[in-house]
Asker: 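Just passing along the structure, written as structure tokens.
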Amino acid sequence: MEAVLYICHGSRMKKACEQAFAFVETCMDKVSIPIQEVSFLELAEPSIEQGFRQCVERGATKIYAVPVLLLTAVHAKEDIPEILSTLSMHYPDVEIVYGRPFGVHESITEILYERIMGTNVSIDGDCLVLLVGRGSSDPDVKRDLEGLAGLLEKRYGLKHVDVCFLTAADPIFEDVLEEVRYSNYSKVFIVPYLLFTGLLMKRIEKAVCDVNKLSNQQFILTHYLEYHPHLKDVLVERVEELSHLPLEERNF
């Protein structure tokens, strides 16, 4: 019997974990696979091991493990596969098929633009849109976020879309804000590329509040991605594509 194990990141903030759980639950109705469980990589329960075990106890013989993560980074490429590899040794009769994160997807640019429009501030020619990612030492994270920035520019005719990061990658968010203070941009839209609220979101809020006190420019903070309906469609797509993977690509 088939099962889906959704793997969310996890957070120390209860609200963030509740948001993740609720989001995945709303996606389950769109997936026809009979067994579906939610788990967290870290900082919350059920853990991946607990979620996997629950799938097996419900009769799963094939488990589609789907990372509910925005970008392909160390968590998706190393941490989760390592856990799944250990589980495969403990459950040799259970086939594990590993999926991919949301990644660079056209639908996500619609969310980003909607977040900008949701500020009710007009976009002028001398505006800057700044996508703020979590960050990672993995270069694929920067590549993917820059790819989304390019799609956003092209699709909506925006002239200036840049990226920055909160940790482990350059340029760092606060450094970019300081540089932009001395630029000719009259408006700067700050778009948090985060799935949920949390400590990182609070850091962004504080930085934007501080820079607005020091500058005559407008620094406009948009809402974070949250669990937008388009993300539900992307997650369902990530589940459905697993059953069509060639055998040689079913690895982790």
Side-chain angles (χ1 to χ4, degrees), residues 9 11 13 16 69-74 101-228 230-231:
H9 183 279
S11 172
M13 293 187 66
L69 303 172
L70 284 174
L71 299 171
T72 303
V74 175
F102 295 111
V104 179
H105 198 289
E106 192 80 18
S107 294
I108 296 178
T109 63
E110 296 180 25
I111 306 173
L112 297 173
Y113 191 69
E114 185 178 309
R115 292 295 181 248
I116 295 169
M117 292 293 96
T119 64
N120 294 317
V121 178
S122 62
I123 299 178
D124 304 322
D126 61 346
C127 287
L128 170 66
V129 174
L130 193 58
L131 298 186
V132 186
R134 177 185 294 272
S136 169
S137 58
D138 191 318
D140 286 350
V141 168
K142 187 170 186 178
R143 180 204 65 197
D144 286 354
L145 198 59
E146 288 176 343
L148 283 164
L151 285 176
L152 189 62
E153 279 186 346
K154 182 177 179 181
R155 183 167 185 176
Y156 296 102
L158 302 177
K159 293 183 178 180
H160 307 285
V161 182
D162 289 340
V163 305
C164 62
F165 303 92
L166 293 161
T167 183
D170 291 323
I172 292 296
F173 171 56
E174 287 85 355
D175 294 342
V176 173
L177 283 189
E178 184 64 19
E179 291 175 10
V180 172
R181 276 184 58 204
Y182 301 99
S183 71
N184 293 322
Y185 296 115
S186 63
K187 300 174 185 175
V188 182
F189 292 88
I190 312 295
V191 186
Y193 199 70
L194 302 172
L195 274 178
F196 45 74
T197 188
L199 298 177
L200 294 178
M201 188 62 204
K202 292 186 180 302
R203 174 178 158 188
I204 295 173
E205 290 170 350
K206 182 181 184 305
V208 173
C209 180
D210 290 345
V211 77
N212 269 319
K213 294 175 182 177
L214 299 172
S215 175
N216 292 324
Q217 301 157 292
Q218 277 186 278
F219 288 82
I220 306 106
L221 178 60
T222 77
H223 196 63
Y224 53 92
L225 291 183
E226 205 167 5
Y227 293 102
H228 191 281
H230 287 339
L231 285 179

Asker: Answer yes or no: is there a side-chain heavy-atom contact under 4.5 Å between Pro192 and Thr222?
Answerer: yes
Asker: Using side chain to side chain contact (heavy atoms under 4.5 Å, CB included), reason through Glu174 and Asp210 one step at a time and then give a plain yes or no.
Answerer: CA-CA 10 Å; Glu174 287 85 355; Asp210 290 345; over 6 Å; no
Asker: Taking the side chain as every heavy atom from C-beta outward, state whether Tyr156 and Ile123 have any pair of such atoms under 4.5 Å apart.
Answerer: no
Asker: Within the side chain of Lys142, is there an N or O that forms a donor-acceptor pair under 3.5 Å with the backbone of Val163?
Answerer: no
Asker: How close do Val104 and Gly147 get, heavy atom to heavy atom, and via which atoms?
Answerer: CG1-C, 4.5 Å
Asker: Could you check whether any side-chain N or O of Arg155 sits under 3.5 Å from a backbone N or O of Glu106, counting only pairs where one atom can act as donor and the other as acceptor?
Answerer: yes
Asker: Quick check for you: to the nearest 0.5 Å, what is the distance between Leu148 atom CG and Leu152 atom CG?
Answerer: 8.5 Å
Asker: When rounded to the nearest 0.5 angstrom, what is the spacing between CG in Asn184 and CD in Gln217?
Answerer: 8.5 Å
Asker: If we check side-chain contact (heavy atoms from CB on, under 4.5 Å) with Val208, which of these qualifies: Val132, Ile190, Ile220?
Answerer: Ile190
Asker: Work out which heavy atom in Ser107 is nearest to a heavy atom in His230; give both atom names and the distance.
Answerer: O-CD2, 3.8 Å
Asker: Any ion pair linking Glu146 and Arg143 (charged N to carboxylate O, less than 4.0 Å)?
Answerer: no
Asker: Where does the angle between the aromatic ring planes of His160 and Tyr185 fall among parallel (under 30°), tilted (30 to 60°) and perpendicular (over 60°)?
Answerer: perpendicular
Asker: For side chain to side chain contact (heavy atoms under 4.5 Å, CB included), just list the numbers for Leu194 and Ile204, CA-CA rounded to whole Å, side-chain angles, deciding distance to a tenth of an Å, and then say yes or no.
Answerer: CA-CA 11 Å; Leu194 302 172; Ile204 295 173; 4.0 Å; yes
Asker: Rounded to the nearest 0.5 Å, what's the gap from SG on Cys164 to CG on Leu145? Could you check?
Answerer: 8.5 Å
Asker: Near Asn216 CG, under 6.0 Å, is it more than 12 heavy atoms from other residues, nucleotides or ligands?
Answerer: no
Asker: Given side chain to side chain contact (heavy atoms under 4.5 Å, CB included), test Arg203 with Leu199 step by step and report yes or no.
Answerer: CA-CA 6 Å; Arg203 174 178 158 188; Leu199 298 177; over 6 Å; no
Asker: Any idea which heavy atoms bring Ser122 and Phe189 closest together, and the distance?
Answerer: O-CZ, 3.8 Å
Asker: Could you tell me whether the side chain of Ile108 reaches within less than 4.5 Å of the side chain of Tyr193, counting heavy atoms only?
Answerer: yes
Asker: To the nearest 0.5 Å, tell me how far Asp138 CG sits from Leu71 CG.
Answerer: 10.0 Å
Asker: Between Glu114 and His228, is any side-chain donor less than 3.5 angstrom from a side-chain acceptor?
Answerer: yes
Asker: Can you tell me how far apart OG (Ser136) and CG (Leu166) are? Round to the nearest 0.5 Å.
Answerer: 12.5 Å
Asker: For residues Lys154 and Thr109, is any side-chain donor paired with an opposing acceptor at under 3.5 Å?
Answerer: no
Asker: With a 3.5 Å distance limit and no angle check, can you tell me whether Asn212 reaches the backbone of Phe219 through a side-chain donor-acceptor pair?
Answerer: yes
Asker: On a heavy-atom basis, which atom in Ala169 and which in Phe165 lie closest, and how many Å separate them?
Answerer: O-CB, 3.7 Å
Asker: Which pair of heavy atoms, one from Phe196 and one from Ser11, lies closest together, and at what distance?
Answerer: CE1-CB, 4.1 Å
Asker: Indicate the atoms forming the closest heavy-atom contact of Leu221 with Met201, along with that distance.
Answerer: CD2-CE, 4.0 Å
Asker: Under a 3.5 Å distance rule, please check whether Arg115 uses its side chain to pair with a backbone N or O of Leu225 as donor and acceptor.
Answerer: yes
Asker: Taking Asp124 for its side chain and Asp126 for its backbone only, find out whether a donor-acceptor pair lies under 3.5 Å.
Answerer: no
Asker: Hey, does Asp162 have a side-chain heavy atom less than 4.5 Å from the side chain of Leu128?
Answerer: yes
Asker: One pair to check against side chain to side chain contact (heavy atoms under 4.5 Å, CB included): Leu112 and Leu151. What are the steps and the verdict?
Answerer: CA-CA 11 Å; Leu112 297 173; Leu151 285 176; over 6 Å; no
